[in-house]
Amino acid sequence: MTYRPNLVRRTPFPDSVSRAVVTPLQPSVVYSSPDPDALDDQYEGRAKGYTYGREGHPNADVLAQMIDRLEGGEGGIVTGSGMSAVTATLLGLLSAGDHIVGGNQLYGRSLRMLTRDLPRWGITATLADPTDVAAMEAAITPDTRLLLVEVVSNPTLRIADMAGIERLARERGLILVVDNTFTTPYGYPAFVKGADVVIHSVTKLLAGHSDVTLGYILARDPAQRTAIYDTFVTLGLTPSPWDCWMAERGLYSFDMRFERAQTNAAALAEAVADHPAIAAVIYPGRADHPDHARARTLLGGQFGNMLSFRLHGGREAANALTRAAPQIAFAPTLGDIGTTLSHPASSSHRGLTEEGRAELGITEGFFRVSVGCEPIDLLRSDIIRALDAVAKG
Ligand SMILES: *Cc1c(COP(=O)(O)O)cnc(C)c1O
């Protein structure tokens with residue numbers, strides 16, 4: 001027989017006295033320990049070490065620590081998607097018989113979870129307007145355990161009464177969970193302000209390049225953190241090491257991207273406000289926004305990178321706009337480095353009836369813009385050119 005080396009045996013990673021500058025990518029799912037005693041030490045917390053990828057891995061921990069620093073906490077958990085962060089939090093903290101009060105304009109899948117999935121497991125929810133703390137309070141029942149809110153609603157960009165909601169949660173002994181995806185800790189430091197649990201879809205602004213799907217959970221109370229973590233491990237909501245590595249890379253420029261995108265959004269809101277194709281601009285930085293005063297005190301001196309507008313006309317005007325702006329991705333997401341346009345009537349809010357959408361002010365001519373980091377002159381001229389095409393008909 002010809003000579004065959006043992007290719008199954010792994011080749012040791014080369015030693016180096018100098019260290020890599022970049023975080024190594026560690027895709028290993030399993031970790032080998034010297035002996036069962038050492039494994040005992042790890043599981044009992046006497047020694048630090050990884051065991052199995054679903055329970056945690058170094059690339060997730062590096063990313064978690066970076067987002068921890070942004071939110072001002074520690075012990076964050078990175079999960080495989082924003083929705084898995086919502087799922088682990090709610091299923092970890094609630095039991096059959098419990099009740100939630102949720103914002104009435106939460107992210108679409110979160111709304112579905114509250115109204116259609118959780119009830120199958122005996123957990124009920126009431127939706128209420130988070131811009132009106134009295135409405136939130138009126139929705140509380142003796143079984144209510146938790147409040148779930150987003151600071152800025154999608155796509156109408158209403159600003160929740162966070163100070164009122166934080167006070168309400170404290171007074172009534174409820175767990176306050178804030179999905180801080182839209183605002184990010186720079187727009188609103190939800191954890192520092194007193195939320196018990198903060199959730200992110202890292203997929204959006206934090207990772208920032210539309211190439212990973214990830215979530216994040218930060219819990220203040222150690223018992224709550226453990227309950228959420230155990231649910232996360234049991235349900236297998238593990239993030240991929242590669243995605244964590246990519247998101248870490250994206251996060252290094254988050255500060256600059258968010259700053260630039262917010263400045264661009266403010267400039268764009270001004271530029272389109274008086275355009276003849278536009279019936280209304282919705283932007284928290286404008287004096288005509290219903291929550292402008294609250295946005296000024298809440299949003300860290302800027303007003304976010306999201307802006308919405310309503311075109312005169314219906315679906316035809318909407319089709320004309322996206323066709324006339326091929327440089328701007330027409331895509332149902334947000335937080336990308338580039339500007340994206342979304343059309344709630346045909347995407348996020350298509351499950352609602354026309355009347356349901358009308359109640360929220362979402363017409364066929366309604367667009368949400370996630371403003372990106374393009375040079376503002378180019379972005380402005382692309383959008384104005386598209387609006388001109390809509391106005392011409
Ligand atoms: C996108 C989004 C989610 C869900 O995140 P995924 O990463 O897509 O699972 C949750 N909440 C908000 C506010 C979002 O925008």
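Ligands are counted one by one from 1 in listed order, and the atoms in each one are counted from 1 as well.
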Student: Check for me whether Arg260 meets the cation-pi criterion with Phe258, that is, NZ or CZ under 6.0 Å from the six-membered ring centre and within 45 degrees of the ring axis.
Tutor: no
Student: Taking all atoms of both residues into account, what is the closest heavy-atom pair of Arg54 and Phe232, and its distance?
Tutor: O-CE2, 4.0 Å
Student: Assess the side chains of Arg257 and Ser253: does a donor N or O sit below 3.5 Å from an acceptor N or O?
Tutor: yes
Student: Which atoms from ligand 1 have a heavy atom of Ser81 less than 4.0 Å away?
Tutor: 7 (O), 9 (O)
Student: Starting from atom 6 (P) of ligand 1, locate the nearest protein heavy atom and write down its residue, its atom name and how far away it is, to 0.1 Å.
Tutor: Gly82 N, 3.3 Å
Student: Looking at atom 1 (C) of ligand 1, what's its closest protein heavy atom, distance included?
Tutor: Lys204 NZ, 1.4 Å
Student: Answer yes or no on whether Arg310 is positioned over the face of Phe367, meaning its NZ or CZ is under 6.0 Å from the six-membered ring centre and within 45° of the axis.
Tutor: no
Student: Under 4.0 Å, heavy-atom basis, I'd like to know which part of Arg109 is in contact with ligand 1: side chain, backbone, both or neither.
Tutor: neither
Student: If you measure from atom 7 (O) of ligand 1 to every heavy atom of Val151, Val152, Thr203, Thr213, which option wins on shortest distance?
Tutor: Thr203
Student: I'd like to know if the side chain of Glu55 pairs up with that of Thr51 as donor and acceptor (distance under 3.5 Å, no hydrogens or angles considered).
Tutor: yes
Student: So is Met83 polar-close to ligand 1, meaning N/O to N/O under 3.5 Å?
Tutor: yes
Student: Honestly curious: do Leu334 and Phe366 fall in one hydrophobic cluster under the side-chain, below-4.5 Å linking rule?
Tutor: yes
Student: Any heavy atom of Leu334 closer to ligand 1 than 4.0 angstrom?
Tutor: yes
Student: Any idea which protein heavy atom is nearest atom 4 (C) of ligand 1, and the distance to it?
Tutor: Tyr107 CE2, 3.4 Å
Student: State, without any angle test, whether Thr181 and Asp179 hold a side-chain donor-acceptor pair at a distance under 3.5 Å.
Tutor: yes
Student: If the test is side chain to side chain contact (heavy atoms under 4.5 Å, CB included), which one of Ile140, Leu146, Asp196 qualifies with Leu174?
Tutor: Ile140
Student: Numbering the atoms of ligand 1 from 1, which are under 4.0 Å from a heavy atom of Asp179?
Tutor: 10 (C), 11 (N), 12 (C), 13 (C)
Student: I need the atoms of ligand 1 closer than 4.0 Å to a non-hydrogen atom of Glu150, numbered in the order shown.
Tutor: 13 (C)
Student: What protein heavy atom is closest to atom 5 (O) of ligand 1, reported as residue, atom name and distance in Å?
Tutor: Ser201 OG, 2.9 Å
